[in-house]
Each structure stands twice: as C-alpha cells, then as structure tokens.
Engineer: 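Here you go, one structure.
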Amino acid sequence: MAVGLIASVALTGLGSAAHAQTSLTGPADALRSQLVENRGVTMSEVTTRSEAGDRVSYRKKIRAEFGKGMVTATDIRDVPSPDFPEPAPRFLTFKGRTYCQGWICPAPEGKTWVLLSEKEKTRPFLESGGIDLANPDTLKAVLSTTEAKRPGGIYDGTRTTIYSGTLTFDELYKVSPAFRDQHGGKQPTGKYAKTELSWRLWLGRDQLVRRVRTSWPEQLGKRSISNLVDARLTGWGAKTDIAVPSDDETAGPDDWRDSPA
C-alpha cells in the first residue's frame, strides 16, 4: 500500500513537472519546434480595404512548408470573388524563385506555370499584415508590445488567449523580415514610418498562433483608407510537400507576356 502511494505521488510529481515544463515553453519556442522538414501549416486570410463607405474584400489560402528553422516554400491561392476575375492567381514561392498561374500571368499553350521571377533575394514567408508568423524573433518582438490580454474563443480545436497591442511601421520593419522584404529593404520614413499597426494574436494552449488580426490607416493624398487583415491558421505540424513545377510544365519569365489572357 505504501509502495503504491509512493508510486502515485512520484507519478503525480512527474506529471506536474512535465506540465510545468510545457507551461514554461513560450510562443517563440513553440514556433521554433514546428519549423522542421516537410511539416507546415495552412492559413486562410481576408483583407478588407474601406474608403468613404465603400468596402472591398479579397481572400487568400496559404500553405507554408517548413524546414531547417525557416519557411522553405509557400503556395498562395487567391479565392475567386465577384470583384476579381478568374482563373484566380496562384503563386508558388521557393528560395530564389516564384511561379505563377491564373489570369495575372497566363501561360502559353501546353504550359501550366510561368516562372514569374528568378532572383537570389526571393524568399518565401508566412506573413499576415506584415508580421512574419514563422519567425520566432519577430513573434517575440511583437508580443513584447502587448498592451492587453484576455481569454479568446476556440480555434483549430484549442482554447485561445488574445494578446493585443500596437507598433509603428518603423518598429515592424526592424523586427519582421517579411515586412522588410515587402518594402524592398528600404526603411519607412516620415509620417509613413509613424503609421501605427494595431494587432491581435490568438495563441492556443500550445502557444501556437491560431488567428492574427491587423489593422492600419493609409493616407493617399486626400483619400483616407482603412486596412484590415484577418487570418486563421490551422493544422500546425501537418505533413506538407509543395513541389517545384517541372521544366516541361513551366513557361519562361517572358513567355507569358505574349500569351492570350
């Protein structure tokens, strides 16, 4: 009986220690553990631009593949809508290369893909609203600007906690490689640098991001535009294999310009 009690206490202690260890794992470490070969995540994103009472929204589906602590490939598909023509664009990005198909880059007969760009600096990112969601250092930096925290809903089968805060474009440029890439490596200046990005991150019990919502104002001359991006992530750790299109099915970077739309 005493042996059984000791064993029970020991197991309980081990369980508590394991739980404590799991609890101590922060979002950056949790993300780092996901960035392994042939694993990935899926993200659904809705971008809404509002101006003078008019509103336009468009949707994207993104699959990201990881390996060696980074994103190795992305498959980004625009979701068809009345506001945008078909066939909807689709982009495959790997280090140094981006492939495209759809109305924006029609392929010549017998080809299904166009090699849109071939540049050494090209890199795939998993980002939403300029926040690099597959970069542990970026995630840690963004969360360091947290102003509030509260319980969230259930996403992807896990109860979440909502963290929210703001940071300027200048601050985001310094911590997010994806944001820097979007700006061609040129740091924001003037009023644009002071633009405030409001963000919310929904973290599951495993500390992984399940939803991200960002918003920021945009001034184009006398035009005032509000931008809102809402993305949901599912299936962390799923087996993922985004294949590079073969040469036989790919048109050169200039061929698509002469093909019919």
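These numbers come from the heavy atoms of this one structure, side chains and all, not from hydrogens, waters or symmetry mates. FYI, the numbering just counts along the sequence from 1.
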Engineer: Considering only NZ, NE, NH1 and NH2 on the basic side and carboxylate oxygens on the acidic side, decide whether D29 and R32 come within less than 4.0 Å.
Structural biologist: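 Result for this pair is yes, salt bridge flagged.
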Engineer: About how many Å separate CG of N227 and OG of S198, when rounded to the nearest 0.5 Å?
Structural biologist: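 That separation rounds to 12.0 Å.
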Engineer: In sequence, state the C-alpha distance, the side-chain angles, and the governing distance for K60 and Y58, and then conclude on side-chain contact (heavy atoms from CB on, under 4.5 Å).
Structural biologist: CA-CA 7 Å; K60 291 183 179 181; Y58 57 93; 4.1 Å; yes
Engineer: Can you name the closest pair of heavy atoms from E45 and G129 and give their distance?
Structural biologist: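 Where E45 meets G129 most closely, the heavy atoms are OE2-N, 4.5 Å.
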Engineer: Do you see a donor-acceptor pair shorter than 3.5 Å between the side chains of S226 and E51?
Structural biologist: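 No, E51 and S226 have no side-chain donor paired with an acceptor closer than 3.5 Å.
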Engineer: We want to know whether S224 and Q219 form a side-chain donor-acceptor pair, criterion being a heavy-atom distance below 3.5 angstrom.
Structural biologist: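 The answer is yes; a qualifying pair exists.
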Engineer: Verify whether one side chain among E196 and T168 offers a donor that lies under 3.5 Å from an acceptor in the other.
Structural biologist: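 No donor-acceptor contact under 3.5 Å links the two side chains.
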Engineer: Would a 4.5 Å heavy-atom cut-off, applied to side chains only, mark V209 and P27 as touching?
Structural biologist: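 Contact flag for V209/P27 side chains = no.
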Engineer: Please say yes or no: joined through hydrophobic side-chain contacts below 4.5 Å, possibly via intermediate residues, are V229 and F125 part of one cluster?
Structural biologist: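 Looking at the clustering, F125 is in a separate group from V229.
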Engineer: Please examine the side chains of L35 and P136, heavy atoms only from C-beta on, and report whether any two atoms are closer than 4.5 Å.
Structural biologist: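 The answer is yes, as the side chains (C-beta and beyond) meet within the 4.5 Å cut-off.
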Engineer: Just wondering, do T161 and K149 contact through their side chains at under 4.5 Å, heavy atoms?
Structural biologist: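 Contact flag for K149/T161 side chains = yes.
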Engineer: Tell me whether W199 is reachable from L126 by hopping between hydrophobic residues (I, L, V, M, F, W, Y) whose side-chain heavy atoms are closer than 4.5 Å.
Structural biologist: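 Yes, it is one cluster - the side chains of L126 and W199 are joined through contacts under 4.5 Å.
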Engineer: Taking the side chain as C-beta and beyond, is there a heavy-atom pair between R97 and L115 under 4.5 Å?
Structural biologist: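 When only atoms from C-beta onward are counted, L115 and R97 do touch, with a gap below 4.5 Å.
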Engineer: Does one hydrophobic cluster hold both L143 and V175, with members joined at side-chain heavy-atom distances below 4.5 Å?
Structural biologist: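 Result: yes, single cluster for both.
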Engineer: Taking all non-hydrogen atoms of both residues, which atom of A107 and which atom of W113 are closest, and how far apart?
Structural biologist: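 The pair with the smallest heavy-atom distance is CB-O, 4.2 Å.
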Engineer: Can R39 and E65 be counted as an ion pair, charged N to O under 4.0 angstrom?
Structural biologist: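 Between E65 and R39 there is no salt bridge, as every charged N stays at least 4.0 Å from the carboxylate O atoms.
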Engineer: Identify the two heavy atoms, one from F66 and one from A134, that lie closest to each other, and give their separation to 0.1 Å.
Structural biologist: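 So the minimum-distance heavy-atom pair works out to CE2-CB, 4.2 Å.
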Engineer: Does the pair I131 and L197 meet the rule for a side-chain contact (heavy atoms from CB on, under 4.5 Å), with working shown?
Structural biologist: CA-CA 10 Å; I131 298 177; L197 179 90; 4.2 Å; yes
Engineer: Has the side chain of T145 got a donor or acceptor atom that lies under 3.5 Å from a matching backbone atom of V142?
Structural biologist: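 At least one qualifying donor-acceptor pair exists.
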Engineer: Got a salt bridge between R90 and D75, using NZ or NE/NH1/NH2 to carboxylate O under 4.0 Å?
Structural biologist: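 Yes, charged N to carboxylate O under 4.0 Å.
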Engineer: Below 4.5 Å, heavy atoms only, C-beta onward: do I62 and F91 meet side chain to side chain?
Structural biologist: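 No, too far: nothing below the 4.5 Å cut-off.
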Engineer: Would you name the heavy atoms of V114 and G252 that are closest together and state the gap between them?
Structural biologist: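 Between these two residues, the closest heavy atoms are CG1-O, 3.9 Å.
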Engineer: What I want to find out is whether D241 reaches K239 closely enough, with some N-O distance under 4.0 Å, to be called a salt bridge.
Structural biologist: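 Salt bridge absent between D241 and K239.
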Engineer: Consider side-chain contact (heavy atoms from CB on, under 4.5 Å). Of D132, L133, L139, which one does N135 pass it with?
Structural biologist: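 Going through the options one by one, the only one that passes is D132.
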Engineer: Is the CD atom of E37 crowded by more than 12 outside heavy atoms at less than 6.0 Å?
Structural biologist: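 Counting neighbours around CD of E37, more than 12 heavy atoms of other residues, nucleotides or ligands fall under 6.0 Å, so yes.
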Engineer: Going through the checks in order, is the salt bridge (charged side-chain N to carboxylate O under 4.0 Å, His left out) test met by R49 and E218?
Structural biologist: CA-CA 10 Å; R49 289 171 62 87; E218 185 178 353; 3.1 Å; yes
Engineer: Does the T250 side chain pair with the main chain of S246, one donor and one acceptor, at a distance under 3.5 Å?
Structural biologist: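 At least one qualifying donor-acceptor pair exists.
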Engineer: Step by step, would you call E147 with T166 a side-chain hydrogen bond (donor to acceptor under 3.5 Å, both in side chains)?
Structural biologist: CA-CA 8 Å; E147 298 165 359; T166 58; 2.9 Å; yes
Engineer: Using the rule given for side-chain contact (heavy atoms from CB on, under 4.5 Å), can you reason through T93 versus I76, listing the C-alpha separation, both sets of side-chain angles and the distance that settles it, and then say yes or no?
Structural biologist: CA-CA 8 Å; T93 302; I76 302 176; 5.6 Å; no
Engineer: Apply the hydrophobic cluster definition, ILVMFWY joined by side-chain contacts under 4.5 Å directly or through others, and give me every member besides W202.
Structural biologist: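 For the cluster that includes W202, the remaining residues are Y155, I162.
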Engineer: For a 4.5 angstrom cut-off between non-hydrogen side-chain atoms, does T72 reach F94?
Structural biologist: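 No - every pair of side-chain heavy atoms lies 4.5 Å or more apart.
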Engineer: So which heavy atom on S44 is nearest to which on K61, and how close?
Structural biologist: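 So the two residues come closest at OG-NZ, 2.9 Å.
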Engineer: Would the Y192 and F169 ring centres measure less than 6.0 Å apart?
Structural biologist: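 Yes, ring centres under 6.0 Å apart.
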Engineer: Taking the side chain as everything from C-beta on, heavy atoms only, tell me whether V41 gets closer than 4.5 Å to T240.
Structural biologist: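 A side-chain contact under 4.5 Å is absent here.
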Engineer: Could you tell me which residues satisfy salt bridge (Lys or Arg N to Asp or Glu O under 4.0 Å) with R211, sequence neighbours excluded, listed by chain and number?
Structural biologist: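 Per chain and number, R211 pairs via salt bridge (Lys or Arg N to Asp or Glu O under 4.0 Å) with D230.
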